[in-house]
Colleague: 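Okay, here's the structure, questions in a sec.
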Amino acid sequence: MNPYSNYTIEKLHEELKEKKITVSALVEAYVVVAKEKNKETNAFLEFFNDIAEQVKNAEQKFSEGTETLLTGIPIALKDNILIEGKKVSAGSKILEGYTAVYDATVTKLLKEAGAVIIGRTNMDEFAMGSSTENSAYGVVKNPKDVSRVPGGSSGGSAAAIAMGAVPLAFGSDTGGSIRQPAAFCGIVGFKPTFDTISRYGLIAMASSLDQIGPFSRTVRDAEIAWELLSHNDPKDSTSVAEEKRGKPQDKKMRLGVPRAFISGEGIESEVRNAFEATVERLKEKGYEIIDVEIPLIEYSLPVYYILMPAESSSNLSRFDGIRYGLQKNGESLYDVYANTRGEGFGREVRRRIVLGTYVLSHGYYDAYYRKAIDLKTRIIDSFQKVFQEVDAIITPTAPTVAFKIGEKTDDPVSMYLSDIFTVPANIAGLPSLSVPIGEGKDNLPIGFQITGPQFSDKRVFEIGKKVEETLY
Amino acid sequence: MASDINTKTIDTLLTLARLSISPEEKEHLLTDLEKILKYVEQIEGVKNELTTAQFEGINYLREDVITNESGEYREKLLAEMPETKDGYLVVKQIL
């Protein structure tokens, strides 16, 4: 049992600063639990062998007085975020044996802050999935119930927090891959405003949607990570300039519920009940809560399943067996490509590459891709109009609680529908936070999602803290 | 639109995407794609509103500038290549 598992990052920092505990003892307490629980969950793909060295660096920062809130804090990174000199696979066989040649900007900033990276976490191959069943390195199990999925695609990082292996972990969110697993595992997950945290060194899936973000136990812990990482980075070619990061508007203390959108058939009654109960408690805290309509929001998921595979099929063309990673031989160059990619990519990845190739092909481009871009632009407008009336949009994070392992693997569309509430924030590039609001049947966690206007990340955290308070 | 997809389309797409898969999986792939396309085709009825200029004018990229030192990663990148010769990447003969 890890005696620090209920501590916030600020509390851990205080203990370290006052020398009530050493960095080494703190990290050890977490690592022991991580290794033990990992036998059951498969959340980690690797525990690093340079932890002692990282601990020493952190201790040095404390003795020099150059420590930050994250100095000495054990963390974990999803296996698609590069760490120089470490293996990185994006959960795929096609990158077997590959070693990262540089640090992602996020990695660099976390190292500079003195965080101790204890390992890399399992994920759906190339972040394609909603259950972390698509990893070439085995299924991840939900620590709350190991017969169930942890959600995905960042299921390893979410499980790592839920099993007490680290107080802070990172994932990537292209259509809900941070928030949905956070909801399924009963923890906090945050997707910042699009491209306000650098994606340099993140293995790309769909570049117009991908965003790195934190997992933690509390909203404040996620905010601490966001404060460190949310900066312009010239190495990320679409990183938002500091001067363009808009000022937060005046608070209205008014939240909007897209009533029609969340009243579909697929939503479980216990999820709905937990959501409505939290809405009532937020009213007691002084929020006015109104129903809103966000025109075209219902098209977010179909738009996503055009744009994401289109961009993925292009991004994944670099995995050709020629320059790095797996290489399968063949008679011609074409055969080397096709054999390497056919064997190296898993089923879901192949499916999305072919789908992306289809929607971008001559004769279909206008019907699919162009129309999807058109709709994306109008969904952004719809959100902007609604945000003139409310501070944020609130919904359940996912329509169901964590489902059984294997339950949806044969039906891609039913799997895709588990991201129905998370995808709109990616389409519109908005900050979006999932906060746990208790448990439903079989003690399975339920998440509450808060989505704000562009660059209102700070306000989204504030509302998230109010949601946390409703639980006490 | 999904009805347009058949085994011949799948073969063409697999060639374009440089993917070699088993005949059995092609069957699965066809069924899966039909299901997914049926789902996404709900956007079919929505009219386009963006003009071509608006559509083509969306560019979020910063100026294209080099952010690395020249040769900074050369040795490390070469080390990841399956086969090299005199600092060059070896590929199959293509002519």
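The structure presented is a predicted model; accordingly, all values stated were derived computationally and were not measured. Chain identifiers are assigned alphabetically (A, B, ...) following the order of the sequence lines, protein sequences preceding nucleic acid strands; residue numbering begins at 1 within each chain.
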Colleague: With only heavy atoms counted, which part of A/D236 is less than 4.5 Å from chain B, the side chain, the backbone, both or neither?
Modeller: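 For A/D236, the contact with chain B is made by the backbone alone.
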Colleague: Under the salt bridge (charged side-chain N to carboxylate O under 4.0 Å, His left out) rule, what do B/E25 and A/R350 come out as? Steps first, then yes or no, please.
Modeller: CA-CA 10 Å; B/E25 200 190 321; A/R350 292 192 297 249; 2.4 Å; yes
Colleague: If you count heavy-atom pairs within less than 4.5 Å of chain B, which of A/Y305, A/Y337, A/Y334 leads?
Modeller: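 It is A/Y334.
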Colleague: In terms of heavy-atom proximity below 4.5 Å to chain B, should A/V354 be classed as side chain, backbone, both, or neither?
Modeller: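 Both backbone and side chain of A/V354 come within 4.5 Å of chain B.
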Colleague: I need the B/I36 CD1 to A/Y416 OH distance, nearest 0.5 Å.
Modeller: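 The distance works out to 3.5 Å.
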Colleague: Of the non-hydrogen atoms in A/D410 and B/K35, which two are nearest, and what is the gap between them?
Modeller: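 Scanning both residues completely, I find the closest heavy atoms to be O-NZ, 4.0 Å.
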Colleague: For the interface with chain B, which of A/Y324, A/Y200, A/Y299 has the highest count of heavy-atom pairs at distances below 4.5 Å?
Modeller: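 When all of A/Y324, A/Y200, A/Y299 are compared, A/Y299 has the most.
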Colleague: Step through the shown structure and confirm whether more than 12 heavy atoms of other residues, nucleotides or ligands are within 6.0 Å of NZ on A/K385.
Modeller: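 No, because the 6.0 Å sphere around NZ of A/K385 holds 12 heavy atoms or fewer from other groups.
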Colleague: Report yes if the side chains of B/R18 and A/I353 come closer than 4.5 Å at any heavy-atom pair, otherwise no.
Modeller: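 Contact flag for B/R18/A/I353 side chains = no.
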Colleague: Report which part of A/L360 has an atom under 4.5 Å of a heavy atom belonging to chain B: side chain, backbone, both, or neither.
Modeller: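 For A/L360, neither part sits under 4.5 Å from chain B.
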Colleague: At a 4.5 Å cut-off on heavy atoms, which part of B/N68 comes close to chain A: side chain, backbone, both, or neither?
Modeller: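 The side chain, not the backbone.
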Colleague: Please determine if B/K76 and A/E84 form a salt bridge, counting it only when a charged side-chain N lies under 4.0 Å from a carboxylate O.
Modeller: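 Between A/E84 and B/K76 there is a salt bridge, with a charged N closer than 4.0 Å to a carboxylate O.
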Colleague: Quick one: does any side-chain atom of B/E80 pair with a main-chain N or O of A/T99 as donor and acceptor, under 3.5 Å?
Modeller: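 At least one qualifying donor-acceptor pair exists.
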Colleague: Rounded to the nearest 0.5 Å, how far apart are CD1 of B/I5 and CG of A/L355?
Modeller: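 Between B/I5 CD1 and A/L355 CG, I get 8.0 Å after rounding to 0.5 Å.
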Colleague: Checking B/E44 against A/K371 for the salt bridge (charged side-chain N to carboxylate O under 4.0 Å, His left out) test, could you report, in this order, the C-alpha distance in whole Å, the side-chain angles of both residues, the deciding distance, and whether it holds?
Modeller: CA-CA 8 Å; B/E44 214 176 351; A/K371 184 160 279 185; over 6 Å; no
Colleague: Rounded to the nearest 0.5 Å, what separation is found between the CG atom of B/L77 and the CZ atom of A/R323?
Modeller: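 So the gap between those two atoms works out to 10.0 Å.
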Colleague: What part of A/V101 gets closer than 4.5 Å to chain B, counting heavy atoms only: side chain, backbone, both or neither?
Modeller: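 For A/V101, the contact with chain B is made by backbone and side chain together.
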Colleague: Is the ring centre of B/Y73 less than 6.0 Å from the ring centre of A/Y102?
Modeller: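 Between A/Y102 and B/Y73, which both carry aromatic rings, the centre distance is below 6.0 Å.
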Colleague: What part of B/I43 lies closer than 4.5 angstrom to a heavy atom of chain A: side chain, backbone, both or neither?
Modeller: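 Backbone plus side chain of B/I43, per the 4.5 Å heavy-atom cut-off to chain A.
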Colleague: Looking at A/G325 and B/P82, what are the two nearest heavy atoms and their distance?
Modeller: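 Shortest heavy-atom contact: O-CG, 4.3 Å.
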Colleague: Find the distance between CZ (A/F345) and CD1 (B/I21) and round it off to the nearest 0.5 Å.
Modeller: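 So the gap between those two atoms works out to 13.0 Å.
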Colleague: Please check if atom CD in B/Q42 has more than 12 non-hydrogen atoms from other residues, nucleotides or ligands closer than 6.0 Å.
Modeller: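 Buried by this count: over 12 neighbours within 6.0 Å.
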Colleague: Select one option (side chain, backbone, both, neither) describing which atoms of B/T15 are under 4.5 Å from chain A's heavy atoms.
Modeller: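 Both the backbone and the side chain of B/T15 come within 4.5 Å of chain A.
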Colleague: Looking at chain A, which one of B/V91, B/L29, B/V46 has the largest number of heavy-atom pairs inside 4.5 Å, strictly under?
Modeller: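 Counting heavy-atom pairs under 4.5 Å, the top option is B/V46.
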Colleague: Mind checking whether B/Y39 and A/L301 have side chains closer than 4.5 Å, heavy atoms only?
Modeller: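 In short, these two side chains touch, coming nearer than 4.5 Å.
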Colleague: Measuring from atom OG of B/S20 to atom CD of A/E343, what distance do you get when rounded to the nearest 0.5 angstrom?
Modeller: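 Those atoms lie 7.5 Å apart.
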Colleague: Top residue by heavy-atom pair count (under 4.5 Å) with chain A, among B/V40, B/L16, B/I10?
Modeller: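 Heavy-atom pair counts peak at B/V40.
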Colleague: For A/L333, which atoms come within 4.5 Å of any heavy atom of chain B: side chain, backbone, both, or neither?
Modeller: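 A/L333 touches chain B through backbone and side-chain heavy atoms alike.
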Colleague: What part of B/L89 lies closer than 4.5 angstrom to a heavy atom of chain A: side chain, backbone, both or neither?
Modeller: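 For B/L89, the side chain is the part near chain A, not the backbone.
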Colleague: Check whether A/D233 gets within reach of chain B through its side chain, its backbone, both or neither, counting any heavy atom under 4.5 Å.
Modeller: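 It is neither, since no heavy atom gets under 4.5 Å.
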Colleague: Within a radius of less than 6.0 Å around NZ of A/K108, do more than 12 heavy atoms belonging to other residues, nucleotides or ligands occur?
Modeller: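 Counting neighbours around NZ of A/K108, 12 or fewer heavy atoms of other residues, nucleotides or ligands fall under 6.0 Å, so no.
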Colleague: Please tell me if the side chains of B/N48 and A/D366 come closer than 4.5 Å, counting only heavy atoms from C-beta onward.
Modeller: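 Answer no - side chains too far apart.
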Colleague: Run the numbers on B/E49 and A/R378 for salt bridge (charged side-chain N to carboxylate O under 4.0 Å, His left out), then give the verdict.
Modeller: CA-CA 9 Å; B/E49 282 189 0; A/R378 288 152 68 191; 3.3 Å; yes
Colleague: Tell me, for B/E72 versus chain A, whether the close heavy atoms (under 4.5 Å) come from the side chain, the backbone, both or neither.
Modeller: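 Contact with chain A: none, neither part.
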Colleague: For residues A/R347 and B/D32, determine if any side-chain heavy atom of one lies less than 4.5 Å from a side-chain heavy atom of the other.
Modeller: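 Side-chain contact under 4.5 Å: yes.
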Colleague: Please look at A/D320 and chain B and tell me whether the side chain, the backbone, both or neither of the residue comes under 4.5 angstrom of a heavy atom of that chain.
Modeller: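 No part of A/D320 comes within 4.5 Å of chain B.
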Colleague: Any non-hydrogen side-chain atom of A/Y358 less than 4.5 Å from a side-chain atom of B/L33?
Modeller: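 The answer is no; the side chains never approach within 4.5 Å.
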Colleague: If you count every heavy atom of other residues, nucleotides or ligands that lies below 6.0 Å from A/E242 atom CD, does the total exceed 12?
Modeller: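 Result for CD/A/E242: enclosed.
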Colleague: Nearest 0.5 Å, what's the OG1-CG distance between A/T357 and B/L13?
Modeller: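 The OG1 atom of A/T357 sits 6.0 Å away from the CG atom of B/L13.
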Colleague: State whether the side chain of A/R341 and the backbone N or O of B/A17 hold a donor-acceptor pair below 3.5 Å, judged by distance alone.
Modeller: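 Present.
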